[in-house]
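Here, residue 1 is the first one in the sequence, and each next residue gets the next number.
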Amino acid sequence: MHSDTSSSQPLAHSPIWQALQAQAAKFKQASLKGLFAADPQRAERFSLELPEFLLDFSKNLLDQEVFVNLLRLAEEAELPRWCADFFAGKPINATEGRAVLHPALRGGLKTDVEIDGVSVTAQVEAELERLKKFVVLLHNGALTGYRGKRFTDVVNLGVGGSHLGPQTTIEALRAHRKGDVAVHFVSNVDGAQLTDVLAGLDADSTLFIVSSKTFTTSETMTNARSALAWLQQAMPEVDGEALLQQHFAAVTSSPDKAQQFGVLPERTFRFWDWVGGRFSLWSSIGLPIAIACGFENFRALLDGAASMDKHFREAPLEANAPVIMALLSVWYCTFMGYPAHAVLPYEQALHMLPSYLQQADMESNGKSTTRAGVAVDYPTGPLIWGQTGINGQHAFYQYLHQSPEVVPADFIGSVAPGHDLDGHHEILLANMFAQSQALMNGVDAESVASELAAKGLSQEEIKRLTPFKVHRGGKPSNTILLKELDPRSLGALIALYEHKIFAQGVILQIYSFDQWGVELGKGLANKLEPKLAAGDLSDEDSSTTQLIEYYRRKKNGAVTPTELPEVAVAELAGEQA
């Protein structure tokens, strides 16, 4: 078990924590415009250029003194030690007694690690080779359905990390797709999604990938059984076992369960319990990525992430992009009390990135207990939300600009467009740069009055309208400008956020890699599911009982006065009279 030598010394009681609290109170009133005016080199001072992108964090509410104190906070939290333990394969997921080694999936370890006496690197490379062979056979048409048709469509059945990572990546790499096999995703147990996806497919040429770490996830396995039923309806002469062998593949850390379900061993791809679901796209869970984009592009994605692993391991804290982003998140959420953070990609291909990062961040750091097992008395992570930039401008940017709430934001774009249409990309980038500038500077009353006067408005009208057009400014943001959105840069970008999340958790003295909150809901759902049909509800709360009883009545089409609440019975009696 990983020992936490710092757990007896709560960081929130340290002098550096108190100093940052005092500075936060001061910087809530600070002028970003004024900070730039006072330091002509500010943009250069607070920026990092990495091989794949420029990170400009100069539009943040901090100065050099705050920045130094934040770095001291990371040092006092022993972030370098935790980082070393992370890459060494120590069980830093202490509540589950597991290592956390998703960097190993992309060659991001400095030295190989053995788990239970077996080389992690050797296992990963062997599985990647199996993946590559499968993708080549699929693209070449060597893999066929039961009746001999080559597979033209692949449907990935998974939820959470088994779906969001691969789908986000495929959407992001739309300009880098290879082959003619279409990849579809079904994650919701709501049968409408599976029905919609299957409606346009030919059963003879459809392959299903069941992606589930445990191979027991209720939603995924329900969808898998329904997919099999769909195949059986289309091919009634074929038994289920044959269809499972011919039309199914599996990705799981429980290969024995996949084979019990009926998937062939040669079509069962493995990942390991030291890979968290939300960090698993680099593993065999990424099989849909390799199918949609080609194995070489999948490998380039891994290489880009490995380059970020190296940067995170080796760069000093003051020049370490994930560490800086983590410290800024802690600064705003924990010290300044800003509870939300917006992710605003100005790239249509990155339209799923806010959802992906929402899961990665909030499923990791949405915790209320320190590593010492005591309740925290400070926020441990922001609400992550967002949307593609231009659409967001016409949806919620009004709130970002003029609401009294402050929402720090990440603007993400690229120098090179993913298309060849003239003029579009310049408009897109101009909007991205302008929005971060507007959030920073705002518009004061004097400027508004001058603008209105120039339009010929009377002094009375100017006085009336000015309060509505003032923007307070001082709204902080980061800008990440990729050289281009390709497999390598996307890998680096996603790994940047992964390591930011880990570093933030270390600084806040919480465990980022368990997810007991998710498990609680799953357990309750399993208990309630049979009660929807029948059963005693006396041990349920009155609200849950009422909801289930209403469901039963409406589903069965019968409503009796004895089952209705007393008020409804009285109303019914009045209507009958």
Side-chain angles (χ1 to χ4, degrees), residues 47-56 87 102-110 121 124-125 127-129 131-132 135 164-179 183 275 279-315 319-322 324-325 343 345-353 356-357 360 410-420 425 429 478-501:
S47 292
L48 280 179
E49 186 170 350
L50 277 66
E52 294 83 11
F53 58 79
L54 170 70
L55 168 62
D56 180 345
F87 283 100
H102 47 272
L105 300 167
R106 58 231 189 181
L109 301 183
K110 187 174 182 180
T121 300
V124 168
E125 288 301 323
E127 211 61 23
L128 280 173
E129 190 59 33
L131 225 63
K132 180 180 179 180
V135 171
L164 264 176
Q167 188 172 12
T168 299
T169 302
I170 291 172
E171 290 291 316
L173 298 179
R174 60 177 60 194
H176 298 269
R177 295 182 186 176
K178 302 289 184 186
V183 178
V275 181
F279 304 104
S280 66
L281 71 88
W282 325 98
S283 71
S284 299
I285 287 290
L287 176 57
I289 304 170
I291 292 170
C293 303
F295 188 82
E296 292 310 311
N297 280 331
F298 182 59
R299 192 86 213 207
L301 178 82
L302 303 185
D303 291 343
S307 74
M308 183 55 64
D309 295 333
K310 186 173 189 294
H311 169 76
F312 181 53
R313 280 198 328 264
E314 298 179 0
N320 193 305
I324 289 168
M325 290 185 68
V343 178
Y346 278 70
E347 284 278 343
Q348 181 60 34
L350 292 174
H351 71 99
M352 287 191 64
L353 186 64
Y356 175 78
L357 294 179
D410 291 347
F411 290 89
I412 306 169
S414 66
V415 173
H419 56 80
D420 56 4
H425 202 58
L429 286 184
N478 300 307
T479 298
I480 299 172
L481 192 57
L482 304 168
K483 292 180 180 177
E484 62 177 318
L485 181 57
D486 62 8
R488 185 178 178 89
S489 67
L490 180 66
L493 178 67
I494 294 175
L496 166 73
Y497 278 98
E498 287 182 345
H499 294 320
K500 169 206 168 184
I501 291 162

Exercise for review: Check the pair Ser414 / His425 against side-chain contact (heavy atoms from CB on, under 4.5 Å), numbers first and verdict last.
Suggested key: CA-CA 9 Å; Ser414 66; His425 202 58; 4.0 Å; yes
Check your understanding: Rounded to the nearest 0.5 Å, what separation is found between the CD1 atom of Ile291 and the CG atom of Leu131?
Key -> 8.0 Å
Practice item. Ignoring hydrogens and angles, tell me if any N or O in the side chain of His176 forms a donor-acceptor pair with the backbone of Gly294 under 3.5 Å. Key: no
Practice item. To the nearest 0.5 Å, tell me how far Leu48 CG sits from Ile324 CD1. Key: 4.5 Å
Exercise for review: To the nearest 0.5 angstrom, please state how far the NZ atom of Lys132 sits from the CG atom of Leu287.
Suggested key: 14.5 Å
Review point. Going by heavy atoms in the side chains, are Met325 and Tyr497 under 4.5 Å from each other?
Key: yes
Review point. Does any pair with a residue in residues 290-304 pass side-chain hydrogen bond (donor to acceptor under 3.5 Å, both in side chains), and if so which ones, sequence neighbours excluded?
Key: Glu125-Arg299
Practice item. Over 60° means perpendicular and under 30° means parallel, so classify the ring planes of Phe87 and His499, tilted if in between. Key: tilted
Practice item. Please name the pair of heavy atoms, one in Arg177 and one in Ile170, separated by the smallest distance, quoted to 0.1 Å. Key: NH2-O, 3.3 Å
Practice item. Starting at CG of Leu350, measure out to CD1 of Ile412 and round the result to the nearest 0.5 Å. Key: 6.5 Å
Practice item. State, yes or no, whether a side-chain contact exists between Leu50 and Phe53 at a heavy-atom distance under 4.5 Å. Key: yes
Point to revise | For Leu302, the option from Leu128, Val124, Ile289, Leu105 that meets side chain to side chain contact (heavy atoms under 4.5 Å, CB included) | key: Leu128
Practice item. Say whether, by atom type as modelled, one donor and one acceptor occur between the side chain of Asp56 and the main chain of Ser47 under 3.5 angstrom. Key: no
Review point. How long is the span from the CZ atom in Arg106 to the OG atom in Ser307, to the nearest 0.5 Å?
Key: 9.5 Å
Point to revise | Nearest atoms (heavy-atom pairs only) where Ala290 meets Val135 | key: O-CG1, 3.5 Å
**Study point:** Sidechain-backbone polar pair: Thr168 side chain, Gly165 backbone, donor-acceptor under 3.5 Å
**Key:** no
Check your understanding: Would a 4.5 Å heavy-atom cut-off, applied to side chains only, mark Ile494 and Trp282 as touching?
Key -> yes
Check your understanding: Any sub-3.5 Å donor-acceptor pair from Ser489's side-chain atoms to Glu484's backbone N or O?
Key -> yes
Exercise for review: Taking all non-hydrogen atoms of both residues into account, name the closest pair between Pro322 and Met308 and its distance.
Suggested key: CG-SD, 4.0 Å
Practice item. For Asn320 and Ala315, work out which heavy atoms get closest and say how close. Key: ND2-O, 3.2 Å
Exercise for review: Look at the side chain of Arg313 and the backbone N and O of Gly108, then say whether any donor-acceptor pair between them is shorter than 3.5 Å.
Suggested key: yes
Practice item. List in chain and number order the residues that pass side chain to side chain contact (heavy atoms under 4.5 Å, CB included) with Ala300, two or more places apart in sequence or in another chain; answer none if no residue qualifies. Key: Pro487
Point to revise | Minimal non-hydrogen separation, Glu127 against Ser284, with atom names | key: CG-OG, 3.4 Å
Check your understanding: Shortest non-hydrogen contact from Ala175 to Gly418?
Key -> CB-O, 4.1 Å
**Study point:** Straight-line distance of His351 NE2 to Glu171 CD, nearest 0.5 Å
**Key:** 3.5 Å
Practice item. Determine whether Phe279 and Glu498 make a side-chain contact, defined as any pair of heavy atoms from C-beta on separated by less than 4.5 Å. Key: yes
Review point. Which class fits the ring pair Tyr346 and Phe411: parallel under 30°, tilted 30 to 60°, perpendicular over 60°?
Key: tilted
Review point. So, do Leu496 and Leu55 sit near enough that their side-chain heavy atoms are less than 4.5 Å apart?
Key: no
Check your understanding: Would you find a donor on one side and an acceptor on the other, under 3.5 Å apart, between the side chain of Asn478 and the backbone of Asp410?
Key -> no
